[in-house]
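To keep things clear, I will list the structure first and then write my remarks on it.
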Amino acid sequence: RKGFSTLLAALPRVRAAYPDLEVVVAGAGRTTAGPGVRFVGAISDQERNRLLSQADVFVAPQTGQESFGIVLLEALACGAPVVASDLAAFEAVLSDHTGLVGHVFRRGDPVALAQAMNRSLAEPRDLRRLRGRALAAGYDWSVVGRQLLGIYRAAIQRHSVRCGTGSQTPWAV
């Protein structure tokens, strides 16, 4: 479901345009991937952020069962351009008021993935960086926490009014 085989199948088409391409894979597990693919295993958040800040593109080739897309936000926050499969959750996370901040491709399709990677790699790196960082900042806990607290306060207020308890509820914030 993580789509690694789709990424591997796309690499020859990407390498045709970018022969020096190096793919860095972080996380548990290993497979035979061939030259130009480097496995770094499990890494710290600091190392992840360092790698993402240096990446020319972050690829999320997942094929399903993704409910949000925190990995996309982590990449965007570090300034990495994003290429992701067309999962609804990924498209929602990658969208701002003007459209998609990254490139999406038809999930499970290595040709479409290669085309999206090549488009992203051909763009100036800063083209999407500012929009991506701004989008990711909207998901920061300093923003989301205030929004969540406001939702809880409104729900408590509505409950208090309906129950006729006013602000006397013991769990009011």
Exercise for review: Measure the spacing between OG of S85 and CZ of F90 and express it to the nearest 0.5 Å.
Suggested key: 5.0 Å

**Study point:** Pairwise side-chain contact, V37 with L11, heavy-atom cut-off 4.5 Å (strictly under)
**Key:** yes

Review point. Do you see a donor-acceptor pair shorter than 3.5 Å between the side chains of Q46 and R50?
Key: no

Review point. Closest heavy-atom contact between L21 and V14?
Key: CD2-CG1, 3.7 Å

Point to revise | More than 12 heavy atoms of other groups within 6.0 Å of E22 CD | key: yes

**Study point:** Full working for side chain to side chain contact (heavy atoms under 4.5 Å, CB included) between E74 and V71
**Key:** CA-CA 5 Å; E74 291 167 344; V71 295; 4.1 Å; yes

Practice item. Please round to the nearest 0.5 Å and tell me the distance separating atom CZ of R13 and atom CE of M117. Key: 12.5 Å

Exercise for review: Quick one: which residue pairs count as a salt bridge (Lys or Arg N to Asp or Glu O under 4.0 Å) with a foot in residues 112-121, not counting sequence neighbours?
Suggested key: none

Practice item. Might you point out which heavy atoms bring H103 and S120 nearest each other, and give the distance in Å? Key: CD2-CB, 3.5 Å

Check your understanding: About how many Å separate CG of N49 and OG of S44, when rounded to the nearest 0.5 Å?
Key -> 8.0 Å

Study note, to complete from the structure: Distance col, row L148:CG vs R153:CZ, nearest 0.5 angstrom, shows 11.0 Å

Review point. Which is it for Y18 and N118 under the side chain to side chain contact (heavy atoms under 4.5 Å, CB included) test, yes or no, and what are the steps along the way?
Key: CA-CA 8 Å; Y18 300 93; N118 286 337; 3.5 Å; yes

Review point. Do other residues, nucleotides or ligands put more than 12 heavy atoms under 6.0 Å from the CZ atom of R48?
Key: yes

Check your understanding: F4 and P61: which non-hydrogen atoms are nearest, and at how many Å?
Key -> N-CG, 4.4 Å

Review point. Is F39 close to V24 at the side-chain level, that is, under 4.5 Å between some pair of heavy atoms?
Key: no

**Study point:** CG on L76 to CG on L52, rounded to 0.5 Å
**Key:** 9.5 Å

Check your understanding: Can you tell me if S95 uses its side chain to pair, donor with acceptor, with the backbone of L100 under 3.5 Å?
Key -> no

Review point. What is the distance from atom CG of L7 to atom NZ of K2, rounded to the nearest 0.5 Å?
Key: 13.5 Å

Point to revise | side chain to side chain contact (heavy atoms under 4.5 Å, CB included) evaluation trace for V82 with V104 | key: CA-CA 8 Å; V82 171; V104 296; over 6 Å; no

Exercise for review: Please step through side chain to side chain contact (heavy atoms under 4.5 Å, CB included) for the pair T6 and D109, ending with a clear verdict.
Suggested key: CA-CA 7 Å; T6 303; D109 184 340; 5.8 Å; no

**Study point:** Note: R107-D86 ion pair, threshold 4.0 Å (strictly below)
**Key:** yes

Check your understanding: Closest heavy-atom contact between A112 and F105?
Key -> O-CB, 3.6 Å

Practice item. Work out which heavy atom in A10 is nearest to a heavy atom in A114; give both atom names and the distance. Key: O-CB, 3.7 Å

Point to revise | Single-linkage hydrophobic cluster V111~L113, side-chain heavy atoms < 4.5 angstrom | key: no

